[in-house]
There are 2 protein chains.
Amino acid sequence: MTRKKVKLDFITNDSARKATYKKRKNGLLKKVNELSTLCGIDACAIIYSPYETHPEVWPNTLGVQRVIARFQRMPEMEQIRKNLNQESFIKERITKTNEQLRKQYKNNRKKEITELMYQCLTGRGLEDLNVVDLNDLGWMLDQNTKEIYRKVESIKKRAPEQKAAPPLALQVPPPTPRPTNGGGC
Amino acid sequence: MTRKKVKLDFITNDSARKATYKKRKNGLLKKVNELSTLCGIDACAIIYSPYETHPEVWPNTLGVQRVIARFQRMPEMEQIRKNLNQESFIKERITKTNEQLRKQYKNNRKKEITELMYQCLTGRGLEDLNVVDLNDLGWMLDQNTKEIYRKVESIKKRAPEQKAAPPLALQVPPPTPRPTNGGGC
DNA sequence: TTTTCTATCTATAACCC
DNA sequence: TGGGTTATAGATAGAAA
């Protein structure tokens with residue numbers, strides 16, 4: 001049972017590291033095989049470990065030699081310029097992870113405000129809320145109101161003959177224009 | 001939404017193949033990075049594709065060169081003898097898949113028999129069952145009975161002082177020895 | 001130690017814009 | 001074409017056998 005997200009760091013426990021190595025090495029070789037098969041491309045992988053005297057490779061010695069030969073033939077300067085190097089790879093990962101974090105924050109905020117909104121429906125007062133919360137709450141109410149209008153229009157358009165009258169008696173006033181707070185939640 | 005299990009075969013649709021390539025290439029490089037970091041090992045991957053003039057590699061040109069140099073230094077004969085070659089890799093996969101299939105059969109059979117057992121509890125007759133089903137049903141009843149005994153013993157052992165008497169009045173007879181049918185279900 | 005189990009995390013196919 | 005979303009398939013950490 002994967003208790004926590006694995007932190008991407010050297011595993012200091014020897015036996016745990018070995019177990020992880022064996023599992024992940026198999027998974028990795030399988031992935032290379034799949035990529036090569038699905039997309040019909042040339043690829044190779046070479047993995048050294050302290051557990052085996054020889055490296056584990058995909059697809060086989062000759063296949064690796066062939067890919068290596070192709071790789072060696074490239075002009076060196078171009079290689080360095082174009083290739084994904086470890087530093088840029090990690091930087092890219094950091095960017096992606098930060099992006100995920102940002103989304104998660106946004107999502108959490110939406111959930112908080114939704115929760116607040118439902119509390120208001122059951123009698124919660126607004127006295128103790130600060131201006132940011134009030135603003136976001138207003139934003140969410142606007143969004144929901146707009147959504148309702150959109151759905152009503154969509155229903156009217158889709159089936160105008162089925163129920164021409166009476167029109168829906170919604171008397172909700174249109175949402176008051178409200179200063180944006182930089183993208184809402 | 002992954003509708004079906006992906007069949008491991010060349011993707012003939014060009015755009016689908018390209019999309020899959022890009023996703024899986026990223027996933028693969030990430031996996032190599034993780035393996036190398038978690039287990040502190042030397043590894044490299046080289047991927048050629050028709051979408052780029054240069055191969056995508058991990059970790060970087062110099063890292064790949066280093067691993068290649070190490071690889072090239074190995075006596076060729078040993079390489080060929082010891083390395084995982086593509087044919088044996090695929091054979092291994094076939095073996096593993098067959099193993100999974102066998103387990104699934106066994107599991108399905110257990111579920112069938114369990115279902116049958118519960119039906120019997122609600123009045124189903126045994127008249128139309130063949131000898132194999134009857135045998136497996138008997139086996140499952142034995143297993144369940146044994147399990148009950150095990151649990152009773154376990155409870156007695158764990159808390160003998162809490163409830164020394166009266167002993168549990170289970171009058172279920174011990175399971176009748178029954179000829180095995182080659183591993184049961 | 002290795003194998004097995006399984007809850008949980010991760011990758012990704014199909015879809016949508 | 002590329003980026004985002006969602007549901008399912010797949011990988012795997014940790015525990016138990």
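Letters A, B, ... mirror the listed sequences (proteins, then strands); counts begin at 1.
- Each of A:Ser15 and B:Thr20 was assigned the nucleotide of DNA chain C with the nearest heavy atom; the assignment lying further toward the 5' end belongs to A:Ser15.
- Between the P atom of D:dG4 and the CD atom of A:Gln100 lies a distance of 11 Å, rounded to the nearest Å.
- Atom pair A:Lys18:NZ and D:dA13:C1' shows a separation of 18 Å (rounding to whole Å applied).
- Side-chain N/O atoms of A:Gln104 and A:Gln100 include no donor and acceptor closer than 3.5 Å.
- Under 3.5 Å, the side chain of A:Lys23 and the base of D:dG14 form at least one donor-acceptor pair of N or O atoms.
- Here the C1' atom of nucleotide D:dT12 and the CZ atom of A:Arg17 are 18 Å apart, to the nearest Å.
- The distance from atom CG of B:Asp9 to atom P of C:dA13 is 14 Å, rounded to the nearest whole Å.
- Checking A:Glu99 against A:Glu34, the closest nucleotide of DNA chain D that is more toward the 5' end is the one next to A:Glu99.
- By the 4.5 Å heavy-atom criterion applied to side chains, B:Val132 and B:Arg109 are counted as neighbours.
- Using a 4.0 Å heavy-atom cutoff across all strands shown, A:Lys103 reaches sugar-phosphate atoms only and no base atom.
- A donor-acceptor pair is defined here as one N or O able to donate and one able to accept, closer than 3.5 Å; such a pair exists between the side chain of A:Ser36 and the backbone of A:Ile41.
- Counting to the nearest Å, the P atom of D:dA11 and the CG atom of A:Leu35 are 14 Å from each other.
- When rounded to the nearest whole Å, the span between OH of A:Tyr21 and C1' of D:dA11 equals 17 Å.
- Remark: A:Leu116 CG to A:Leu129 CG distance equals 5.5 Å, nearest 0.5 Å.
- Distances from the side chain of A:Arg24 to the nucleotides C:dA11, D:dA11, D:dT12 place D:dT12 closest.
- In this structure the side chain of A:Met140 reaches within 4.5 angstrom of the side chain of A:Asn144, judged on heavy atoms.
- D:dT12 atom C1' lies 14 Å from atom CG of A:Leu28, rounded to whole Å.
- Side-chain nitrogen and oxygen atoms of B:Lys31 include at least one within less than 4.0 Å of the OP1 or OP2 phosphate oxygen of D:dT12.
- If you take NZ of A:Lys22 and P of D:dG14, they are 18 Å apart, rounded to a whole angstrom.
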